[in-house]
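Read the structure below first, then the notes.
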Amino acid sequence: MAIDYEKLMSVQIPTIEQTYTEKDTMLYALGIGLGSDPVDPDQLRYVYEKGLVAAPSMAVVLAHPGLWIRDLDTGIDYVKVVHGEQGLTLHRPLPAAATVTGESRVTGIVDKGEGRGAMVYSERVIRDKATGEKLATITQNSFCRADGGYGGPSDPARKPHALPERAPDLSVDLTTIPQQALLYRLNADVNPLHADPEIARKAGFDRPILHGLATYGIACHALLKAVCGYDASRLRSLDGRFTAPVYPGETFRAEIWRDGDIASYRIRAVERDVVAISNGRAEIA
Ligand SMILES: CCCCCCC[C@@H](O)CC(=O)SCCNC(=O)CCNC(=O)[C@H](O)C(C)(C)COP(=O)(O)OP(=O)(O)OC[C@H]1O[C@@H](n2cnc3c(N)ncnc32)[C@H](O)[C@@H]1OP(=O)(O)O
C-alpha cells in the first residue's frame, strides 16, 4: 500500500473526549522524571495531590487519537514511522483534572522522495469540555521512513527553529530509568515500538527506544527547572525536532540559550554523545 495524498489529507481522525484525574496528572509527571528528587517541593507539586499542578507538556497526551496512522486506512507502513517534530502552544495552564476534547486533522504531507521518506503534519486542538475554552494546540510531524516516492507534492518542509551559534548559556542534566518507556506508555501512548523487542527489531532498532514524546516531556522538565523556576504557567510554547533515537536509562543534557522570552534548546544523550532533540524553542513568560 502507498499513501494517497488526497485521501490522507482528508482522513477523518476521531475526535476524542477524555476525563483525566489527578492520578493521571501525577503518572504523567513521573513519566518525565518529575519527583526524582522527592523532597524538593518544586518537583513535589507535580506528583503529590497537595496543591497539584499539571506539567505543561502533558497536553500532548490528552485526548490523544491513538495510533491512527496504523488504525485508519492511511497507506502508511506504521512500523517504520518515527516521530519527527513536536510543537505545543498553551493557551492557558492545564487544570490538574478535567474533561477535555481533542480534534485532530492532517495539515500537510511532504513526499521527500524514494528512500527518503514522507512527512505527515497533523494538528490537535484541546478544549476544556465544560467551558469550550481552548487549552492547547499541538502540532506533530510524523516521519514515515518507508513511504517516500509515492508521487505526492514535495513542497519544502516547514523550517525548524535555528539554534544560536554561540555556546549554550546554561545546561541541566536529567537521568532516566531503564523502565522509563514502560512507565511513560501508561499515558495511553501504546506504540509497541517502545515496549516490544520484536517490533523494535522489525523497525530496525536493537531494542525498544524511548517515545519521542517522553524525551520531549523531559525537555519540558529541564526547561521548567532551568528557566521557569518550576512554575508551569510560565511555559507558553515548546517545539523541537527529534534528531536521533534514544534509549530508556540514558542521561539527558538540556543545553539552553536565553534571548529575552525565548529559550532555545537541544537535548543530548550524554553517554553516546548524540543529539536527540535539536532546533528546540520555548516561549517563557
Ligand atoms: C499516530 C500518530 C503518529 C505517531 C508517530 C510517532 C509514534 C511514536 O511512538 C514513535 C516515536 O516516538 S519514535 C522516537 C522519536 N523519534 C526519533 O527517534 C526519530 C529521530 N530522528 C531520526 O531518526 C532521523 O532524524 C530521521 C529518520 C527522522 C531522518 O533521518 P534521515 O532520513 O537520515 O534524514 P537526514 O538525512 O538527516 O535529513 C534528510 C531531510 O529530512 C529532514 N529531517 C531530518 N530529521 C527530521 C525530523 N526529525 N523532522 C523533520 N525533518 C527532518 C532534514 O532537514 C533533511 O531535509 P532536506 O531534505 O530538506 O534537506
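Note that ligands are numbered from 1 as they come in the structure, with each ligand's atoms numbered from 1 the same way.
- In this structure, atom 13 (S) of ligand 1 lies nearest to the protein heavy atom His83 N, 3.5 Å.
- Checking atom 36 (O) of ligand 1 against the protein gives no heavy-atom contact under 4.0 Å.
- Nearest non-hydrogen protein atom to atom 44 (C) of ligand 1 is Arg241 NH1, 3.8 Å.
- Residue, atom and distance of the protein heavy atom nearest to atom 4 (C) of ligand 1 are Gln140 NE2, 3.5 Å.
- Applying the 6.0 Å contact sphere to CD of Gln18 captures more than 12 heavy atoms from other residues, nucleotides or ligands.
- Of all protein heavy atoms, the one closest to atom 31 (P) of ligand 1 is Phe143 CZ, 4.9 Å.
- The closest approach between Arg116 and ligand 1 falls below 4.0 Å for a heavy atom of the residue.
- Backbone and side-chain nitrogen or oxygen atoms of Ile69 are examined, and none is located within less than 3.5 angstrom of a nitrogen or oxygen of ligand 1.
- Atom 21 (N) of ligand 1 has as its closest protein heavy atom Phe242 O, 3.1 Å.
- Atoms of ligand 1 lying under 4.0 Å from at least one heavy atom of His194, given by number and element, are 8 (C), 9 (O), 10 (C), 11 (C), 12 (O).
- Remark: ligand 1 atoms within the under-4.0 Å shell around heavy atoms of Gly84 are 47 (C), 48 (N), 49 (N).
- At the top of the distance list for atom 14 (C) of ligand 1, counting protein heavy atoms only, stands Gly212 N, 3.5 Å.
- Residue contact check: Asn191 has heavy atoms under 4.0 Å from atoms 7 (C), 8 (C), 9 (O), 10 (C) of ligand 1.
- With a 4.5 Å cut-off on side-chain heavy atoms, Cys144 and Val81 count as touching.
- Contacts with ligand 1 closer than 4.0 Å are made by heavy atoms of both the backbone and the side chain of Pro245.
- At a heavy-atom cutoff of 4.0 Å, ligand 1 is contacted by the side chain of Met119 but not by its backbone.
- If you check each of Thr243, Leu210, Val246 against atom 22 (C) of ligand 1, the one with the closest non-hydrogen atom is Thr243.
- Among Tyr184, Trp68, Tyr216, the residue whose heavy atom sits closest to atom 2 (C) of ligand 1 is Trp68.
- Given atom 41 (O) of ligand 1, the protein heavy atom at minimum distance is Lys112 CE, 3.3 Å.
- Counting only heavy atoms from C-beta outward, the side chains of Leu238 and Tyr265 approach each other to under 4.5 Å.
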